[in-house]
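These notes concern the structure reproduced below.
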Amino acid sequence: MTKLEEFKQSVRNKNITVIGIGISNLPLIKYLVELGADVTACDKRTAEDLGETYGELLDLGVKMNLGENYLDNLSGDIIFKTPGMRYDVPELLKAKSEGSVVTSEMEVFFDVCPSHIIAVTGSDGKTTTTTLIHKMMTKAGYTTWLGGNIGNPLLTDTEKMKEDDWVILELSSFQLHTMRKSPEIAVITNISPNHLDVHKDYQEYIDAKKNIMLYQKEGNILIANADNDVTAGIGREAKGAIRYFSREGIADVYLDGDVIKRGNVSVLDIKDIKIPGMHNVENYMAAIAAVNGLVGDEAILDIAKSFGGVEHRIELVREVDGVRYYNSSIDSSPNRTTNTLRVFPQKVILIAGGKDKGIPYDDLGPSLASYVKTLVLIGATADKIQEALDKEISRTGKGKNIEVIRVETYEDAVNAARSRAKKDDIVILSPASTSFDMFRNFEERGNLFKKIVNELV
């Protein structure tokens with residue numbers, strides 16, 4: 001009996017609770033119903049908030065606990081928690097003490113997946129790196145599946161997967177936090193403070209990321225950034241082979257002038273990379289290290305020349321009156337915004353701000369002073385971003401001529417940016433913050449920004 005068959009038997013006629021009726025869990029709920037489970041779905045949203053989904057689940061016979069008290073009386077033979085929920089919330093701990101098995105869609109997927117797995121994590125660059133690996137592997141002729149924190153949840157597709165297929169996953173710290181299995185090939189792009197509103201401290205965040213390699217075996221491979229102190233240290237703990245990539249020195253994959261090399265072999269001239277920015281050169285190095293021995297250089301070059309980037313990542317929305325508007329809503333940390341600002345050869349009009357994740361913003365100050373001419377602030381982190389700029393002005397005097405504008409809505413933000421913009425200027429949304437103060441996710445935030453920009457006349 002396969003692992004998948006064992007799982008299907010284990011849930012039949014069982015009471016299964018799924019926390020969160022979102023993109024990743026909705027297919028899971030339907031799948032569990034098909035397998036004969038008695039499913040209860042819990043969500044903080046109301047029936048009205050869920051809209052058509054509420055009726056759809058009712059028709060399937062799914063019970064629902066909704067609203068502010070959605071975790072009251074939490075129980076079930078198996079409980080699937082949503083990725084963003086900590087494992088130690090009191091309701092989960094109580095249910096576990098009473099005999100419930102607490103797991104997640106991704107943990108079960110690792111248990112039952114029959115295929116090879118390459119997984120990517122990191123504070124920045126993981127979505128682009130995951131996408132690059134997927135495209136390179138597909139171009140080379142492999143049957144591939146893209147999922148995790150990007151694309152569709154994959155547990156429901158497991159029955160279609162073959163042993164020689166390759167699954168390419170993006171994994172967040174939330175998905176990794178309770179993971180007890182690691183992929184065949186693990187990639188860590190970089191690690192810097194992030195999501196400290198959920199993790200107890202920076203060390204817990206690092207430890208969550210380490211789970212991507214902690215359970216690897218001899219013969220498995222870890223790809224790590226040699227230029228990042230944290231990931232370089234994790235590399236020294238590798239259970240299997242370690243491959244480093246570096247912009248700053250010799251490594252398994254490294255940058256020699258303007259050429260990415262693997263050993264002494266030239267693989268890719270960075271002028272052939274369509275997406276801008278040295279941080280994307282790093283993403284290519286990580287991807288090249290991951291597919292070493294699997295993908296030829298010709299396929300890598302083809303992807304470099306054709307891949308225009310992932311939506312919401314320095315995405316050119318439109319040019320209006322000679323002003324270019326870019327959407328980089330994915331930039332949910334100060335480090336991401338710094339990398340984005342460095343892409344442009346001129347000072348920009350920046351729209352920034354969002355939910356406060358409890359991370360420091362001091363390092364953003366020098367980037368604002370160097371790369372920004374007008375700063376439009378919105379959301380809960382506006383004060384932190386302003387303070388970071390003020391500290392840099394006080395310390396060096398740089399940035400004192402930056403105009404700072406506070407707004408309450410994205411319509412006001414775009415209008416304020418437009419009123420200051422002149423021909424050949426660049427306006428970019430790069431929030432340096434998560435979106436959860438005003439939006440469900442960064443995609444929703446980016447889509448609203450694009451809608452407003454596209455409606456400018």
Side-chain angles (χ1 to χ4, degrees), residues 122-126 172-173 188-209 225 227-234 247-248 277-279 282 313-314 328-344 346-407 413 417 428-438 442 445:
S123 299
D124 303 312
K126 57 184 177 291
S172 69
S173 61
I188 310 178
T189 59
N190 50 66
I191 295 180
S192 59
N194 209 342
H195 298 300
L196 299 187
D197 56 331
V198 176
H199 294 286
K200 290 180 178 178
D201 52 34
Y202 186 31
Q203 187 58 53
E204 184 185 84
Y205 174 68
I206 293 171
D207 290 342
K209 293 291 192 184
N225 188 342
D227 303 334
N228 180 277
D229 289 342
V230 178
T231 56
I234 292 173
R247 277 172 54 189
E248 299 176 1
M278 290 305 296
H279 61 294
E282 286 192 359
R313 290 153 181 83
I314 319 181
S328 203
S329 181
I330 185 63
D331 296 344
S332 58
S333 68
N335 191 55
R336 275 188 178 273
T337 292
T338 291
N339 285 335
T340 291
L341 292 174
R342 287 174 177 167
V343 166
F344 299 100
Q346 65 194 75
K347 291 191 175 185
V348 305
I349 298 171
L350 173 66
I351 299 172
K355 184 178 184 294
D356 190 347
K357 296 189 290 183
I359 61 177
Y361 276 74
D362 289 352
D363 289 346
L364 184 61
S367 298
L368 296 174
S370 298
Y371 303 113
V372 175
K373 58 187 285 185
T374 302
L375 178 60
V376 182
L377 292 176
I378 187 171
T381 56
D383 287 342
K384 278 190 169 183
I385 296 171
Q386 172 90 62
E387 184 180 350
L389 175 60
D390 290 344
K391 283 182 178 178
E392 182 64 14
I393 293 171
S394 177
R395 188 176 68 87
T396 67
K398 290 181 63 176
K400 61 184 178 182
N401 294 323
I402 295 175
E403 180 184 12
V404 180
I405 306 164
R406 297 289 189 108
V407 296
I428 183 161
L429 169 66
S430 178
S433 316
T434 59
S435 59
F436 305 125
D437 57 337
M438 299 171 69
F442 72 85
R445 174 173 62 188

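Note that the numbering runs from 1 along the sequence shown for the chain.
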Quick check: do E282 and R247 have side-chain heavy atoms less than 4.5 Å from each other?
yes
Inspect the contact between E392 and R395 and indicate whether a charged nitrogen and a carboxylate oxygen are less than 4.0 angstrom apart.
yes
Are side-chain heavy atoms of S370 and K398 found at a separation under 4.5 Å?
yes
The reported gap from OG in S192 to CD1 in I206 (rounded to nearest 0.5 angstrom) is 9.5 Å
Rounded to the nearest 0.5 Å, how far does CG of N401 lie from OG1 of T374?
10.5 Å
Grab the two heavy atoms, one from L368 and one from I402, that are nearest each other, plus how far apart they are.
O-CD1, 3.3 Å
Which heavy-atom pair separates A352 from I385 by the least distance, and what is that distance?
CB-CD1, 4.0 Å
Would you please say whether a donor-acceptor pair under 3.5 Å links the side chains of T231 and N225?
no
Side-chain contact, heavy-atom cut-off 4.5 Å: Y202 with I191?
yes
Reported CG-to-NE2 distance for the pair D201 and H199, which is rounded to 0.5 angstrom
10.0 Å
Testing the basics here: between T337 and S430, what is the closest heavy-atom pair and its distance to 0.1 Å?
OG1-OG, 2.9 Å
Donor-acceptor check, side chain of S433 to backbone of D356, threshold 3.5 angstrom: yes or no?
no
Do H279 and D124 have side-chain heavy atoms sitting under 4.5 Å apart?
no
Quick one: which of D363, N339, I359 gives a side chain to side chain contact (heavy atoms under 4.5 Å, CB included) with P334?
I359
Counting only heavy atoms not in D227, do more than 12 fall under 6.0 Å of its CG?
yes
Would you compute the distance between atom OG1 of T434 and atom CG of D331 and round it to the nearest 0.5 angstrom?
12.5 Å
Is there side-chain contact between I188 and N228, with at least one heavy-atom pair below 4.5 Å?
no
Presence of salt bridge, D437 and R445, under 4.0 angstrom
no
Given side-chain contact (heavy atoms from CB on, under 4.5 Å), test R313 with F442 step by step and report yes or no.
CA-CA 11 Å; R313 290 153 181 83; F442 72 85; 3.8 Å; yes
K209 vs S173 side-chain heavy atoms within contact, under 4.5 Å:
yes
How close do P431 and S328 get, heavy atom to heavy atom, and via which atoms?
CD-O, 3.6 Å
Please report the closest heavy-atom contact between L364 and A432, naming both atoms and the distance.
CD2-CB, 4.1 Å
Please give me the minimum heavy-atom distance between V343 and G277, naming the atom from each residue.
CG2-CA, 3.5 Å
In Å, rounded to the nearest 0.5 Å, how long is the span from CG of N335 to OG1 of T340?
9.5 Å
Are Y205 and S123 side-chain neighbours, meaning at least one heavy-atom pair lies under 4.5 Å?
yes
Which value, rounded to the nearest 0.5 Å, describes the distance between E403 atom CD and K373 atom NZ?
10.5 Å
side-chain contact (heavy atoms from CB on, under 4.5 Å) between Y371 and L350, worked out:
CA-CA 9 Å; Y371 303 113; L350 173 66; over 6 Å; no
Would you say that more than 12 heavy atoms from the other residues, nucleotides or ligands in this model lie under 6.0 Å from the CG of D229, or not?
no
Test item: K357 and S332 side chains (from C-beta on) under 4.5 Å apart, heavy atoms:
yes
For a side chain to side chain contact (heavy atoms under 4.5 Å, CB included) with R406, tell me which candidate from I378, D383, V376 qualifies.
D383
